Number of protein chains: 2
Amino acid sequence: MVKKTGRPGYLQIADELREQIRSGSIAPGEPLPSTAQLAETFGASLSVVKMSVGLLRNEGLVVGQQGKGVFVREDAPPADDVRAELTALRAAVADLTSRLERLERGASPRSAKS
Amino acid sequence: MVKKTGRPGYLQIADELREQIRSGSIAPGEPLPSTAQLAETFGASLSVVKMSVGLLRNEGLVVGQQGKGVFVREDAPPADDVRAELTALRAAVADLTSRLERLERGASPRSAKS
DNA sequence: CAAGCCAACTAGGTTAACTATGTTGGCAAC
DNA sequence: GTTGCCAACATAGTTAACCTAGTTGGCTTG
């Protein structure tokens, strides 16, 4: 598709996918079509599709799982209390970072308890 | 640059630039170094630099002007600033989580092999 | 039948090349 | 001196190719 408006293709595709997600056309928990499928559907190259999906991923609308697909996030987009989520995220990042550094720093991965 | 942590290069560069902007190291209204300069500075290819700048552009932290450069936005409203940080944090959490899960599942990080 | 291998498909990251378009500065022509 | 052209540099968009890595299902082999 990618109409020949001034809007770049990767934004048009991202818009379209965003709309399909917002409208429930692709429900939370469900996967997007594969990048190859999207490329064919939109008549675009793999590269622009990957850029589009990357955008949505960056926005937190979807999460990608290597080898499986890209899934619409279950939890709805946080609209109002932005600051609360910000605080929570800062804490989460701090926690994850410390755990990760310890692990990546030569701690035997095998000793990681389940 | 682009340390060999699991974090992809284009995110590392985006983080770095975001930090330089947030800290005032690159003041509002001022231009970022050109993509070519950034590529050399960070030891990365033009492509990843363009991806990084594209991220910041998408976040509204900077605005690009064809033929001139990429400028730090003068009017970074606090709300938008929060929103941008939120976006960045979400991405960071997703990234950290995946790395952590892989590690805690017993896989050894690629970069940690002696 | 069960285990294991393997091919096909998935997302993700990186690089390179090409095009389009806008800006700027210098230089030649008038 | 002014005008107009032109080369150099800038962002921006697109495409293609290559590589890594996870998942799945089928088939072969023991």
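Heavy-atom basis, side chains included; hydrogens, waters and symmetry copies ignored. On a predicted model such as this, the values are computed, not experimentally measured, just so you know. Chain letters run A, B, ... following the sequence lines, proteins first and then strands; every chain starts at 1.
Considering only residues two or more places apart in sequence or on other chains, A:Ser47 meets the side-chain contact (heavy atoms from CB on, under 4.5 Å) condition with A:Ser45. Legend: residues meeting side-chain contact (heavy atoms from CB on, under 4.5 Å) with A:Glu40, ordered by chain and number and at least two apart, are absent. Applying the side-chain contact (heavy atoms from CB on, under 4.5 Å) criterion to A:Gln66, with sequence neighbours excluded, gives no partner residue. Annotation: side-chain contact (heavy atoms from CB on, under 4.5 Å) contacts of B:Ala39 (sequence neighbours excluded): B:Leu46, B:Val49.
Rounded to the nearest 0.5 Å, atoms CG (B:Asn58) and CG (A:Leu55) are 5.0 Å apart. To the nearest 0.5 Å, the span separating CZ on B:Arg73 from CD1 on B:Ile21 amounts to 11.5 Å.
In this structure, of C:dA11, C:dT10, D:dT11, it is D:dT11 that holds the atom nearest to the side chain of B:Val70.
Whole-Å rounding puts the B:Leu11 CG to C:dG12 C1' distance at 11 Å. Rounded to an integer number of Å, the gap from CG of A:Leu32 to C1' of C:dG12 is 15 Å. Atom CD of B:Gln37 is separated from atom P of D:dA10 by 7 Å (rounded to the nearest Å). Atom CD in A:Gln12 sits roughly 13 Å away from atom C1' in D:dT14 (whole-Å rounding). Following rounding to the nearest Å, A:Phe71 (CZ) and D:dG22 (C1') show an atom-to-atom distance of 12 Å. Across the protein-nucleic acid pair, A:Gln66 atom CD and D:dT24 atom C1' stand 15 Å apart, rounded to whole Å. Going from atom CG of A:Leu38 over to atom P of C:dC9 covers 16 Å, rounded to whole Å. Rounded to whole angstrom, the span from the CD atom of A:Gln65 across to the C1' atom of C:dC9 amounts to 15 Å.
Using a 4.0 Å cut-off on heavy atoms, the residues of residues 45-58 of chain B that approach DNA chain D are B:Lys50, B:Arg57, listed by number.
Relative to the axis of its first five pairs, the axis of the last five pairs of the helix from C:dC1-D:dG30 to C:dC30-D:dG1 sits at 30°, rounded to 10 degrees.
Between A:Leu61 and A:Leu17 there is no side-chain heavy-atom pair separated by less than 4.5 Å. The shortest distance between side-chain heavy atoms of A:Leu38 and A:Val53 falls below 4.5 Å.
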Only pairs under 3.5 Å count here: list side-chain donor-acceptor contacts from residues 23-32 of chain B, not counting sequence neighbours, and write none if there are none.
{"residue": "B:Ser23", "atom": "OG", "partner": "B:Glu19", "partner atom": "O", "Å": "3.1"}
{"residue": "B:Ser23", "atom": "OG", "partner": "B:Gln20", "partner atom": "O", "Å": "3.3"}
{"residue": "B:Ser23", "atom": "OG", "partner": "B:Ser25", "partner atom": "N", "Å": "3.3"}
{"residue": "B:Glu30", "atom": "OE1", "partner": "B:Ala27", "partner atom": "N", "Å": "3.3"}

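Residue B:Tyr10 places at least one side-chain N or O under 4.0 Å from the OP1 or OP2 atom of C:dG13.
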